[in-house]
**Student:** 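Structure below; questions to follow.
Just so you know, these numbers use all the heavy atoms, side chains as well, and skip hydrogens, waters and symmetry mates. Source: prediction; values computed, not measured. We name chains A, B, ... by the order of the sequence lines, and we start the count at 1 in each one.
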Number of protein chains: 2
Amino acid sequence: MTKDRARQLEAALREAGVRITRQRSALLRVLAACDDHPDATELHLRARDAGVAVSLATVYRTLTTLQAQGVIEKLEFRGEPARWEPADQQHHDHMIDVDTGAVIEFTNDRIERLQAEIAAEMGYEIVHHRLELYVRRRGNG
Amino acid sequence: MTKDRARQLEAALREAGVRITRQRSALLRVLAACDDHPDATELHLRARDAGVAVSLATVYRTLTTLQAQGVIEKLEFRGEPARWEPADQQHHDHMIDVDTGAVIEFTNDRIERLQAEIAAEMGYEIVHHRLELYVRRRGNG
DNA sequence: TCAACAGTTGCGATTGGGTCGCAACTGATG
DNA sequence: CATCAGTTGCGACCCAATCGCAACTGTTGA
Ligand SMILES: [Zn+2]
Ligand SMILES: [Zn+2]
Ligand SMILES: [Zn+2]
Ligand SMILES: [Zn+2]
């Protein structure tokens, strides 16, 4: 399933003129298998564990390329190295548990609409936005 | 007026056990005079221009201290060094014009409330949040 | 007023995520 | 296949930010 997804992406990227190398193919498979929000170092490890050594510089370059192609999204939480996630999901924002580091996804149409309204009222349109809630479990002492 | 504010802050900080040095006093005056969102390098320059040389390391250390005291807030926009602003204002969020770099402040109670509701529904309370709209003027070619 | 000392400063070195230059390599095309 | 533009790995480098340390200085209280 994720393997199929990786193949799909390869085809689309090739179509867009992006050369599919051994390294990129491996990273696409790793990314397609993600259900979390790994950083570059973690992806580097996962590719290595999957049997394909990719240099860290190439990991960074590939991530930049894939982001430019709209395949993945970059997340920059407070005080951490950048994290990445596949872009082929419904748009969502993130909550970060400040005690455990856990990342929870959520969506809220009303917030999305309000953001657009605010921008529009001031004569702007939104290119991109960032909404992060740094939270703590209620009732923790 | 901003000078008064700086004196007030000095008193409160001293009360809290924070030593008021020549450097900190200068930075407090610079910060109290801010109506924008300067980064550490800019604050370093402003202090120097105001006649008090402060090393960049001390600027960074002082900013950390003042943030811990709740006097200022740290802003981390995408791909830029951190910026700072006095914390004694109404809470607000930011829009960043991606073409000009201009930073526009806004407030929206409904968004604030929705955020709290979302967190509460999942059993969390918000410690801190970040909402940034990266925008472009409408009708630009 | 001033001695004492814990907290602060400046400097230069260091960290850490991320980028770059370059020579060697390799997908894609015909 | 030959070709060659695009890609890789390596190590050097960049930049914001932090740190170690010796010299310095607010603050306290005698
Ligand atoms: Zn959103
Ligand atoms: Zn996500
Ligand atoms: Zn807000
Ligand atoms: Zn602001």
Side-chain angles (χ1 to χ4, degrees), chain A residues 6-7 9-30 37-45 47-48 50-69 71-84 101, chain B residues 6-7 9-30 37-45 47-48 50-69 71-84 101:
Chain A
R7 292 242 178 276
L9 288 172
E10 282 190 18
L13 287 166
R14 219 184 303 258
E15 192 63 23
V18 176
R19 218 182 262 187
I20 303 304
T21 62
R22 192 169 42 82
Q23 292 86 339
R24 285 178 181 174
S25 181
L27 286 170
L28 282 170
R29 266 175 279 123
V30 168
H37 304 85
D39 63 17
T41 304
E42 175 61 24
L43 291 166
H44 181 227
L45 290 176
R48 178 174 297 279
V52 184
V54 182
S55 76
L56 192 52
T58 293
V59 171
Y60 279 112
R61 282 186 288 225
T62 301
L63 291 171
T64 303
T65 300
L66 295 180
Q67 181 186 27
Q69 295 294 326
V71 170
I72 56 175
E73 268 177 48
K74 185 180 193 175
L75 305 173
E76 295 171 285
F77 300 149
R78 194 186 52 176
E80 298 184 6
R83 296 164 172 247
W84 303 84
Chain B
R7 292 242 177 277
L9 288 173
E10 283 190 16
L13 287 167
R14 218 183 306 257
E15 192 64 24
V18 177
R19 223 183 257 187
I20 302 304
T21 62
R22 192 169 40 81
Q23 292 87 339
R24 287 178 179 174
S25 181
L27 286 170
L28 282 170
R29 267 175 278 123
V30 168
H37 304 85
D39 63 17
T41 304
E42 175 63 24
L43 290 166
H44 182 227
L45 291 176
R48 177 175 297 280
V52 184
V54 181
S55 75
L56 192 53
T58 292
V59 172
Y60 279 111
R61 283 187 287 228
T62 301
L63 291 171
T64 302
T65 299
L66 295 180
Q67 181 186 27
Q69 294 295 325
V71 170
I72 56 175
E73 268 177 48
K74 186 179 193 175
L75 306 173
E76 295 172 283
F77 299 149
R78 196 188 50 176
E80 299 183 4
R83 296 164 173 248
W84 303 82

**Student:** Among the nucleotides D/dA17, C/dG18, C/dT9, which one has an atom lying closest to any side-chain atom of B/Thr58?
**Tutor:** C/dT9
**Student:** Nearest nucleotide by nearest heavy atom, which residue falls closer to the 5' end of DNA chain D, B/Ala82 or A/Ser55?
**Tutor:** A/Ser55
**Student:** Are A/Val18 and A/Gln69 side-chain neighbours, meaning at least one heavy-atom pair lies under 4.5 Å?
**Tutor:** yes
**Student:** Side chain of A/Thr64 only, heavy atoms from C-beta on: which candidate in D/dA17, C/dT19, C/dG17 is closest?
**Tutor:** C/dT19
**Student:** So, taking the atom named CG in A/Leu43 and the one named CZ in A/Arg83, what distance separates them when rounded to the nearest 0.5 Å?
**Tutor:** 11.0 Å
**Student:** Should we say atom CZ of A/Arg14 is surrounded by more than 12 heavy atoms from elsewhere, each under 6.0 Å from it?
**Tutor:** yes
**Student:** Sub-3.5 Å donor-acceptor pair from the side chain of A/His44 to the main-chain atoms of A/Ser55, do we have one?
**Tutor:**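 No, A/His44 side chain to A/Ser55 backbone: no donor-acceptor pair under 3.5 Å.
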**Student:** Nearest whole angstrom, please: distance from the C1' of C/dG16 to the OH of B/Tyr60.
**Tutor:** 14 Å
**Student:** To the nearest angstrom, how far is A/Leu56 atom CG from D/dC13 atom P?
**Tutor:** 19 Å
**Student:** So, do B/Lys74 and A/Arg78 sit near enough that their side-chain heavy atoms are less than 4.5 Å apart?
**Tutor:**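 Counting from C-beta outward, B/Lys74 and A/Arg78 never come under 4.5 Å.
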**Student:** Nearest 0.5 angstrom please: B/Leu9 CG to B/Leu27 CG, how far?
**Tutor:**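 Result: 12.5 Å between the selected atoms.
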**Student:** Quick one: bend of the helix from C/dT1-D/dA30 to C/dG30-D/dC1 from 5 pairs per end, to 10°?
**Tutor:**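 It works out to 40° between the end axes.
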**Student:** If you restrict it to nitrogen or oxygen atoms, what contacts under 3.5 Å exist between nucleotides 19-21 of chain D and the protein, and what is each distance?
**Tutor:**
{"residue": "D/dG20", "atom": "O6", "partner": "B/Arg61", "partner atom": "NH1", "Å": "3.4"}

**Student:** Using a cut-off of strictly less than 4.0 Å between a heavy atom of the residue and any atom of DNA chain C, enumerate the qualifying residues of residues 9-29 of chain A by number.
**Tutor:**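 A/Arg14, A/Arg19, A/Ile20, in order of number.
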**Student:** Quick one: A/Asp39 CG to C/dG16 P, roughly how many Å, whole number?
**Tutor:** 14 Å
**Student:** When the distance from CD of B/Glu42 to P of D/dC15 is rounded to whole Å, what number comes out?
**Tutor:** 18 Å
**Student:** Any chance you could lay out the side-chain contact (heavy atoms from CB on, under 4.5 Å) test for B/Arg24 and B/Thr65, step after step, and finish with the verdict?
**Tutor:** CA-CA 10 Å; B/Arg24 287 178 179 174; B/Thr65 299; 4.2 Å; yes
**Student:** Which whole-number value in Å describes the distance from A/His44 NE2 to C/dG18 P?
**Tutor:**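 My rounded result for the distance is 14 Å.
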**Student:** State, to 0.1 Å, how close B/Leu56 and B/Ala40 come at their nearest heavy-atom pair, and which atoms those are.
**Tutor:**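 Looking at all heavy atoms of both residues, the closest pair is CD1-O, 4.1 Å.
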**Student:** B/Arg83 CZ to D/dA16 C1': how many Å, rounded?
**Tutor:** 14 Å
**Student:** Can you tell me the distance, in whole Å, between the CZ atom of B/Arg78 and the C1' atom of C/dG18?
**Tutor:** 16 Å
**Student:** Figure out the CG/C1' separation between A/Leu43 and C/dG17, and round it to whole Å.
**Tutor:**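 Rounding to the nearest Å, CG of A/Leu43 and C1' of C/dG17 are 14 Å apart.
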**Student:** Regarding A/Ser25 and A/Arg29, do their side chains bring together a donor and an acceptor under 3.5 Å, going by distance alone?
**Tutor:** yes
**Student:** So do A/Leu13 and A/Leu66 actually touch side chain to side chain, heavy atoms under 4.5 Å?
**Tutor:** yes
**Student:** For the CG atom of A/Asp39 and the CZ atom of A/Phe77, what is their distance to the nearest 0.5 Å?
**Tutor:**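 It comes to 11.5 Å.
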